[in-house]
Asker: 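One structure, as structure tokens, below. Some questions next.
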Amino acid sequence: MNQSNNNTTAIDFKALLKESGIAALVALGLAIVLVGFKTVDTPTGMDITTRWVWVVVAVASVFVGRLAFAVRRESKASRAPVHVDMKAKENRAAIIVNRFSTIGGPLFIGFALVLPFMPFADRYVVDVATYVLIYVMLGWGLNIVVGLAGLLDLGYVAFYAVGAYSYALFAAYFDLSFWVCLPLAGLCAAGFGVLLGFPVLRLRGDYLAIVTLGFGEIIRVILLNWYEFTGGPDGLSGIPRPSFFGLELKRTAAEGEQTFHQFFNLDYSTMHRLIFLYYLILILALLTNFFTIRIRKMPIGRAWEALREDEIACRSLGINPTNTKLTAFALGAMFAGFAGSFFATRQAFISPESFTFIESAVILAIVVLGGMGSQVGVAIAAVLLIGGTELFRGLEEFRMLAFGGLMVAIMVWKPRGLLAHREPTIKLHPNGAPPPIKQAATEGGVK
Amino acid sequence: MEYFIQQLINGVTLGSIYGLIAIGYTMVYGIIGMINFAHGDIFMIGAFISLITFLVLGIIGITWIPLALLIVLLVSMIIASIYGWTVERLAYRPLRGSFRLAPLISAIGMSIFLQNYVQLLQGARVRPMQPVISGGFTFLEGSAFSITVSYLQIVIVLLTIILMTAFALIISRTSLGRAQRGCEQDRTMSALLGINVDRTISLTFVMGAALAAVAGMLFVLYYGVIDFYIGFLAGVKAFTAAVLGGIGSLPGAMLGGLLIGLIETYWSAYFSIEYKDVAAFAILVLVLIFRPTGLLGKPEIEKV
Amino acid sequence: MKEVSTTPPELVIPSGADPLLTVEHLTMRFGGLVAIDDVSFSAGKGEITAIIGPNGAGKTTLFNCITGFYTPTVGRLTLTARGEEYLLERMDGFRIAQKAHVARTFQNIRLFSEMSVLENLIVAQHNELMRASGFTVTGLFGLGGYRKKEKEAADLARYWLDKVNLTHLADINAGNLPYGDQRRLEIARAMCIKPTILCLDEPAAGLNPKESSELNKLLIYIKDEHDIGLLLIEHDMSVVMEISDHVVVLDYGSKISDGTPLYVRSDPNVIRAYLGEDEDEALPPEVAADIAKDFDPENREGV
């Protein structure tokens, strides 16, 4: 071997094989019991079947995968180091994301607006789109808490549940319409947010996460066990549907009232209601979005981001950390409450099963994947994760597996999420920075 | 009174299991300051491996109980350790020095992944197991309430005590233990002094996973049914135990485990069994609010 | 009766005429450790007061007590400014900055690194802007003159950016600035809360001689033009001697000297603290000369 002649060093295949061998051995250890044996129910108890083929496949693919990875790594390393201008790379990414946000955002909204009238938009499409939009809204709501304020809330679904149940209960007990209940449900959820947040928001980030998780579970257990009020595991059904400015979306109206199709002189179609619900959640979601965009430029929004960056520095600048976090927490909860009451009215039935920890994790995955703090990113992530799993309905059981794996992969690969470029909320030089003033620099800048 | 004592025995048994899991949380938290959210799922995997190993041993005909127990113990500890090591290697090690919530989010992802991985491989339904150790001592047989201490409960408590002692010796006497305590204090300095920090952290995960696997085996033996979801609740409760005892403190984890076990048992016995999970969560919230350093933890002085 | 003063005029302890911050009997204990032991001094308006002392003398702890990060075990901290009197030891951490306008910087810089330079300075004006935005309610709908106030905030930020020579970098992330720029930005940010007293924790640490002399000019400018008090922890003796009006020396948590730079420089207590306890041992002449040089602003390198 002549290493001095060229810069490339030969790849040490023996070492790579050894490395891959160790990886394969680890894979064997992981797979041998859990994959190799399967417990099966028999009339007399439990029995075991084996699936050694799976183990072989798993071990072999780990070996090959590791080898390929290692070869690639080595051949990259052996080449002359290429100078990568990180700054330029970052700028390019920023420009792409920026363009994406400025063009993609309106395009996205435009598409969402006309979707129900597209030729392919049948019942199923509109229904799925409505479902996806609920998660877009939840993602945007949680984004205020996690993305902007940097508070990891693992119990977000609790506020969603509070919203859903308070709508159902207000409607059932006080016979209030959807339009009255919606703000009430939001207020209820925000109230719960304040109630929980006040004592716990002074905790460190990861403690806060666990406490919010605990809170989410407490709410769920209470919903499960408080039969008289919540119906326990059976849930609440017969939740009233919203009306369109007082017009019912039903086949026949109550006495003395008109239905939607009568008023507009249309033939009755159940699609009307679906489309109406679709626009309802679209408006709610966009409301959340515009609110977030706007509040980011408010002092409170900047304080949220500052708190995410450095709480101690915030205190030294006179920012009240508890109150500031509390507003983020309460506002995030409020939007979850709105989404919850929409969920209740859409399903007309709710039960504690819809509000498990997994639901919180899914919403969190949307925010994390999309890029914490990025509005467009969150929307795209919701479409991908919720719409995508809807496409692969047959692979239902792989869905959560993929979710979990994706969360890990994103954290390892792009911890700030897919679209994580942040634009300043205020600029001194909106049209690009002027050149530095050289003379001032030599003078010490103070004169 | 008899009822009270009976619950005490049950509570201590349950507390031992929680304590074993809690050690893993507290050690990992001590050394890298993160909540290993997937630890509860390592416990669940340990339980599944124990169950499968028991069944396999039954089929090949090893039925002498002490031997079978020993084999199951070793197999589940070893394999769970590999899981613990792999999880650290894949999901946490690349994130050192990333932003502060990244490891926790990654851990949540890992937890979801492992749950669904086991669900896919072993099915979603509960897996029952025949009791392996039956019988026990019964006191006050004549009276209305008798007190029973099953052999299994004795095994659980004894095994826990043995493991805890061994473990305390490892931490206080071996060079690995010294390296761990060094990394806990200052990772950069430890690395400068020639301690292989990555290896020490890996071994911490391995040890935590091994203890969780033991807890998993005891859980299978004690309850006789498991499913892929047991790790979540047990994990949160064990974490509560670790926090209650003072996170970072090993005796604290054990004490916290015992307390949580007792509280849960008495709560179910005298209050309401439906709300027993609420009890654990409520304690967690209260401890974190009023005494975040736990019972045996050191106060944390904020560095400015 | 005629008093004969034996102290030359330049060695008289200054201030007292216009005390801005008065520290009385301050004691801070952590468990058994006494970090600060019965320290009293005062810092005047329009003066630079330097706190010096060997490592572990309790300087940063003193800062943390003044700026509310620790609550002192014993003692009183009185700040008299703008016609009000504040008892700092009784105030929550953030309120000291909010109400008494005590600003500080940190030994290891704490900027909002993912936010732009300008945003860092705007966040510092949070409380004023909150009020202008009607606690977000009116601001959200563009009412109540929030826009005007935000413009004013940006103008103030611009003013300080000009002063610290960072105007052209206003829109990039603070975390991407070089070290020296970050130090100056942190000072600018602290100035944006319109402080009555500015506490600087080792502002010259890690700066090269040129940057350090620019920093001195900046600090003197702040003192002269904005008429506030400056409290300064510094290790670099030449900086201390050059710009401070008043020096307080701590050692093992106790105050061992207090006076003008000239006074402190010749105080045997200080020399002992810096050179060790052993008094009998005569200093080798070259060491003594070195120390004298160190304390002498004229001999400072790079100026």
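Numbered from 1 within each chain, the chains take letters A, B, ... in sequence-line order.
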Asker: Using a 4.5 angstrom heavy-atom cutoff, name the option from G58(B), G33(B), A102(B), A280(B) with the most pairs to chain A.
Answerer: A102(B)
Asker: Less than 4.5 Å apart, side chain to side chain, heavy atoms only: is that true for L401(A) and F113(B)?
Answerer: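 SC-SC contact between L401(A) and F113(B) confirmed.
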Asker: Which pair of heavy atoms, one from G29(A) and one from I82(B), lies closest together, and at what distance?
Answerer: CA-CD1, 3.8 Å
Asker: If you count every heavy atom of other residues, nucleotides or ligands that lies below 6.0 Å from F192(A) atom CZ, does the total exceed 12?
Answerer: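 Open.
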Asker: In terms of the angle between their ring planes, are F239(B) and Y207(A) parallel, tilted or perpendicular, with boundaries placed at 30° and 60°?
Answerer: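 Perpendicular: the ring planes of F239(B) and Y207(A) meet at over 60°.
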Asker: Show, in sequence, the C-alpha distance, side-chain angles and deciding distance for L121(B) and R51(A), and conclude whether the side chain to side chain contact (heavy atoms under 4.5 Å, CB included) test is met.
Answerer: CA-CA 10 Å; L121(B) 290 172; R51(A) 0 167 224 216; 3.8 Å; yes
Asker: Can you tell me if CZ on R199(B) sees more than 12 non-hydrogen neighbours from other groups inside 6.0 Å?
Answerer: no
Asker: What part of I32(A) gets within 4.5 angstrom of chain B, counting heavy atoms only: side chain, backbone, both, or neither?
Answerer: side chain
Asker: Quick check on L90(B) against chain A: is it the side chain, the backbone, both or neither that has a heavy atom closer than 4.5 Å?
Answerer: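 Backbone of L90(B) only, per the 4.5 Å heavy-atom cut-off to chain A.
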Asker: For the interface with chain A, which of F232(B), Y117(B), F290(B) has the highest count of heavy-atom pairs at distances below 4.5 Å?
Answerer: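 It is F232(B).
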Asker: Do you know which two heavy atoms are closest between F37(A) and Q122(B), and how far apart they sit?
Answerer: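 That closest heavy-atom pairing would be O-NE2, 2.8 Å.
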Asker: Sort out for me which of I247(B), V236(B), V56(B), V243(B) touches chain A most, counting heavy-atom pairs under 4.5 Å.
Answerer: V56(B)
Asker: Under 6.0 Å from the OH atom of Y229(B), do we count more than 12 heavy atoms belonging to anything else shown?
Answerer: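 Yes, enclosed.
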Asker: Heavy-atom distances under 4.5 Å only: say whether P128(B) touches chain A with side chain, backbone, both or neither.
Answerer: both
Asker: Checking heavy atoms, do the side chain of L95(B), its backbone, both or neither come under 4.5 Å from chain A?
Answerer: side chain
Asker: So which part of V40(A) gets closer than 4.5 Å to some heavy atom of chain B, the side chain, the backbone, both or neither?
Answerer: backbone
Asker: Counting only heavy atoms closer than 4.5 Å, note whether L364(A) contacts chain B via side chain, backbone, both or neither.
Answerer: side chain
Asker: Which residue out of V221(A), L30(A), V26(A) racks up the most heavy-atom pairs below 4.5 Å with chain B?
Answerer: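 Of the candidates given, the most pairs with chain B belong to L30(A).
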Asker: For residues I218(A) and A282(B), report the shortest heavy-atom separation together with the two atoms involved.
Answerer: CD1-N, 4.1 Å
Asker: Under a 4.5 Å heavy-atom cut-off, does chain A meet the side chain of R125(B), its backbone, both or neither?
Answerer: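 For R125(B), the contact with chain A is made by the side chain alone.
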Asker: Should we count OH of Y223(B) as having more than 12 external heavy atoms under 6.0 Å?
Answerer: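 Yes.
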Asker: Please classify the contact of I52(B) with chain A as side chain, backbone, both or neither, using a heavy-atom distance under 4.5 Å.
Answerer: both
Asker: May I ask you to name which of N225(A), I358(A), L152(A) has the most heavy-atom pairs under 4.5 Å with chain B?
Answerer: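 Of N225(A), I358(A), L152(A), N225(A) has the most heavy-atom pairs under 4.5 Å with chain B.
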Asker: Do you know which two heavy atoms are closest between M407(A) and I108(B), and how far apart they sit?
Answerer: CE-CG2, 4.0 Å
Asker: Using non-hydrogen atoms only, which part of I59(B) is less than 4.5 Å away from chain A: side chain, backbone, both, or neither?
Answerer: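 Looking at I59(B), just its side chain touches chain A.
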Asker: Give, as side chain, backbone, both or neither, the part of F37(B) having an atom under 4.5 angstrom from any heavy atom of chain A.
Answerer: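 Side chain only.
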Asker: Heavy-atom distance under 4.5 Å to chain B: side chain of I210(A), backbone, both or neither?
Answerer: both
Asker: Starting at CG of L34(A), measure out to CD1 of I49(B) and round the result to the nearest 0.5 Å.
Answerer: 5.0 Å
Asker: Given a strict heavy-atom distance threshold of 4.5 Å, which part of V33(A) is in contact with chain B: side chain, backbone, both, or neither?
Answerer: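 Its backbone and side chain both get close to chain B.
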Asker: Can you confirm whether Y92(B) sits close enough to M411(A) that some side-chain heavy atom of one is under 4.5 Å from a side-chain heavy atom of the other?
Answerer: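 Of all side-chain heavy-atom pairs linking M411(A) with Y92(B), none is under 4.5 Å.
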Asker: Of the listed residues (L284(B), L120(B), L104(B), V285(B)), which shares the most heavy-atom pairs with chain A below a 4.5 Å separation?
Answerer: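 Heavy-atom pair counts peak at L120(B).
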Asker: Looking at F357(A), W413(A), F403(A), which has the largest count of heavy-atom pairs under 4.5 Å with chain B?
Answerer: F357(A)
Asker: For A91(B) and V408(A), work out which heavy atoms get closest and say how close.
Answerer: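 Taking A91(B) first and V408(A) second, the nearest heavy atoms are CB-CG1, 3.7 Å.
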Asker: Would you say that more than 12 heavy atoms from the other residues, nucleotides or ligands in this model lie under 6.0 Å from the CH2 of W52(A), or not?
Answerer: yes
